[in-house]
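Shown next, in structure tokens, is the structure this report addresses.
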Amino acid sequence: MGNKFVMVGGGSTQSPGILEVLRQRAKELNLTDLVLYDNDEERVSLLGQYTKMYYGETGSPVHVSYTTDIEEALKDANFLFMQIRPGLNKQRAIDEKICLRNGVVGQETCGLGGFSFAMRVIPAVLEIVAKAQEICPDAWILNYTNPEAILSEAIYHEFPDAKVLCICDMPVSIEGAIAKYFNKDIHDLTFKYFGLNHFGWWSAVYDENGQDLLPQLREDVLTGKIDTLLISNEETTEDQYWIDTYKRMIQLFKRFPEYFPNCYLQYYLTPDDMVKEDDITFTRGDYVMQGREKRIYEECRRVIAQKSAKDSSLHAGVHGNYIVDIAYAIIHNTHERFTVNMMNHGAISNFDVNAVVEIPAYIGSHGAETINVGEIPTFQKGLMEMQKAYEKKTVEAALTGSYQAAIEAVMLNKTIPNYNIGKKVLDELYEANKQYWPELK
Ligand SMILES: NC(=O)c1ccc[n+]([C@@H]2O[C@H](COP(=O)([O-])OP(=O)(O)OC[C@H]3O[C@@H](n4cnc5c(N)ncnc54)[C@H](O)[C@@H]3O)[C@@H](O)[C@H]2O)c1
Ligand SMILES: O=P(O)(O)OC[C@H]1O[C@H](O[C@H]2[C@H](O)[C@@H](O)[C@@H](O)O[C@@H]2CO)[C@H](O)[C@@H](O)[C@@H]1O
Ligand SMILES: [Mn+2]
């Protein structure tokens with residue numbers, strides 16, 4: 001009996017990379033059934049028809065189907081790859097503009113853009129996880145859905161016994177760039193990382209001889225030898241947002257050279273610069289709608305119209321490989337090392353034991369076992385404590401509908417300067433998201 005994988009959010013524009021990796025590695029995953037499930041009929045039908053043709057014409061033995069019926073999708077499932085975006089990029093761009101209009105960070109997962117996204121996503125994802133516990137409780141749910149930091153708090157606290165792993169491809173993308181800089185194979189390096197999702201640091205990078213490479217990277221940055229890292233994630237090498245992001249990441253490291261920063265810290269440590277450099281008339285959400293979203297669905301329509309995918313190809317990148325690597329580790333009990341969002345439970349010895357943190361873990365058939373981090377320094381601890389309080393308050397607001405919890409979350413977000421601005425942005429976001437957020441009172 002082979003494995004049934006379900007892409008939850010199968011109509012998503014990030015699906016193609018994952019679909020290509022699943023096609024290439026089907027045998028080692030014992031993958032026999034692939035279902036694309038989505039609540040958007042048009043999107044899942046476009047990606048579903050494309051995938052059936054593409055897999056069929058490349059000789060894949062995997063049985064592909066697509067549906068908007070979650071019960072049908074989840075029946076006998078072994079793995080769920082979950083990547084949904086309630087409100088789509090359209091709502092993402094609305095959030096971005098509301099925040100920027102008020103002079104604060106508007107970003108997909110950071111600042112109040114992330115807060116608004118969380119308020120949309122938490123009810124939707126908890127509903128899917130609850131369904132999965134009913135229909136396929138033994139299936140592993142590998143979750144890419146953002147904002148991971150807040151969503152993982154909600155999932156792990158509402159479903160403490162569910163087989164769920166919340167993951168992000170940013171750490172491994174940056175680690176690929178660091179490996180490239182030192183001309184090393186990423187698998188020969190050991191990365192000591194800790195933080196929250198999109199809010200973390202590397203404290204060391206050991207090579208195969210146990211030598212820490214971080215001092216050399218620090219010296220090369222502080223002496224001005226380098227002002228960026230070359231992006232190893234092929235999907236983004238031409239993307240000006242990522243080119244600028246990698247440059248700012250090195251600038252952050254120069255300013256705070258103790259530990260190497262996750263790029264998303266740019267939104268929390270330099271929010272004024274990020275707002276100044278953003279373009280309210282053409283935000284990241286607009287860019288994605290004009291770019292990836294348009295490109296993917298146009299290609300699906302083209303292939304469906306010509307009734308053949310023979311001249312179409314998909315790219316197996318970091319995003320697709322990371323989640324499949326984790327599924328492989330579970331299936332084959334490899335105990336390989338990944339960075340995952342997990343309950344701290346003492347791994348960071350001077351941080352809340354009941355907080356979800358993003359740290360390295362060994363993954364095998366039983367799931368993830370976190371690797372000890374030990375004590376973290378005051379600077380990172382202080383930043384993380386305020387951010388974690390924001391995350392927990394956001395979950396409380398989503399689960400209880402408490403306006404008070406929502407405004408307290410807003411005030412705990414480092415990108416918000418004062419109550420007047422925080423309340424104004426919260427109320428404008430609430431007005432714009434009435435059909436998605438839980439009712440607040
Ligand atoms: N963790 C990571 O590092 C990482 C990396 C990339 C993307 N993501 C996240 O993955 C998600 C998908 O990203 P994308 O750019 O492919 O999104 P997208 O907007 O292209 O597609 C999202 C899909 O989700 C579907 N959807 C929305 N609500 C749903 C629901 N309740 N049930 C089922 N399907 C639903 C939509 O119809 C759409 O097809 C987002 O949350 C994004 O932030 C995370
Ligand atoms: O702005 P987007 O929608 O293009 O990407 C937002 C995501 O960016 C990070 O992930 C990857 C992304 O999945 C991949 O396709 C490529 O763009 O590189 C990014 C960095 O590796 C981030 O980790 C996600 O959380 C964001 O949703
Ligand atoms: Mn991420």
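Below, all heavy atoms of this structure are taken into account, side chains as well, without hydrogens, waters or symmetry copies. Just so you know, ligand 1 is whichever comes first in the structure, and atom 1 is the first atom listed for that ligand.
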Checklist entry - By number and element, which atoms of ligand 1 are closer than 4.0 Å to a non-hydrogen atom of Cys168? => result 1 (N), 2 (C), 3 (O)

Next on the checklist: Side chains of Gln107 and Thr109 only: does a donor on one sit below 3.5 Å from an acceptor on the other?
Outcome noted: yes

Next on the checklist: Taking 4.0 angstrom as the limit and counting only heavy atoms of Asp40, give me the atoms of ligand 1 inside it, by number and element.
Outcome noted: 37 (O)

Next on the checklist: Parallel, tilted or perpendicular, judged at 30° and 60°: which one describes the rings of His198 and Tyr264?
Outcome noted: parallel

Item to check | Element-labelled atoms of ligand 1 that are located less than 4.0 Å from some non-hydrogen atom of Glu148 | outcome: 1 (N)

Checklist entry - Quick one: which ligand 1 atoms are inside 4.0 Å of a heavy atom on Pro86? => result 27 (C), 28 (N)

Checklist outcome for this item: For Gly11, the ligand 1 atoms with a heavy-atom partner under 4.0 Å come out as 39 (O)

Checklist outcome for this item: Checking heavy-atom distances from atom 11 (C) of ligand 1 to each of Asn146, Ile18, Ile84, the winner is Ile84

Checklist entry - Does the Arg284 side chain pair with the main chain of Glu96, one donor and one acceptor, at a distance under 3.5 Å? => result no

Checklist outcome for this item: Per-atom filter on ligand 1: closer than 4.0 angstrom to a heavy atom of Asn89 are 19 (O)

Checklist entry - Between Thr145 and Asn143, do the side chains contain an N or O donor and an N or O acceptor separated by less than 3.5 Å? => result yes

Checklist entry - Looking at Glu298 and Arg301, does any basic side-chain N land under 4.0 Å from a carboxylate oxygen? => result no

Checklist entry - What are the protein N/O/S atoms, named by residue and atom, that sit under 2.8 Å from the Mn ion (ligand 3)? => result Cys168 SG, His198 NE2

Next on the checklist: Residue by residue, ordered by chain and number, which ones reach under 4.0 Å of ligand 2 with a heavy atom?
Outcome noted: Gln14, Arg85, Arg92, Glu108, Asn146, Cys168, Asp169, Met170, Ser173, His198, Asn233, Glu235, Thr236, Trp242, Tyr264, Arg284, Val288, Arg292, His319

Checklist entry - When you measure from the side chain of His157 to the backbone N and O of Lys392, does any donor-acceptor pair fall under 3.5 Å? => result no

Checklist entry - Under 3.5 Å, is there a donor-acceptor pair linking the side chains of Tyr156 and Asn341? => result no

Item to check | Partner set under side chain to side chain donor-acceptor pair (under 3.5 Å) for Asp185, not counting sequence neighbours | outcome: His187

Checklist entry - Judged by non-hydrogen atoms, does Asp38 sit under 4.0 Å from ligand 1? => result yes

Checklist entry - Going by the order shown, which atoms of ligand 1 are within less than 4.0 Å of some heavy atom of Leu88? => result 36 (C), 37 (O), 38 (C)

Checklist entry - Nearest non-hydrogen atom to atom 24 (O) of ligand 1 belongs to which of Arg292, Arg92, Arg85? => result Arg85

Checklist entry - Ala406: what forms a side chain to side chain contact (heavy atoms under 4.5 Å, CB included) with it, not counting sequence neighbours? => result Phe115, Ala397, Leu426, Leu440

Checklist entry - Does the side chain of Asp311 pick up a donor-acceptor pair with the side chain of Gln306 at under 3.5 Å? => result yes

Checklist entry - Would Asp95 and Arg92 pass as an ion pair if we require N to O under 4.0 Å? => result no

Checklist entry - Ion pair present between Lys90 and Glu293, side-chain N to carboxylate O less than 4.0 angstrom? => result no

Item to check | contact_flag Ile167 ligand 1 heavy-atom lt 4.0 Å | outcome: yes

Next on the checklist: Only heavy atoms of Thr145, strictly under 4.0 Å: list the atoms of ligand 1 that pass.
Outcome noted: 41 (O)

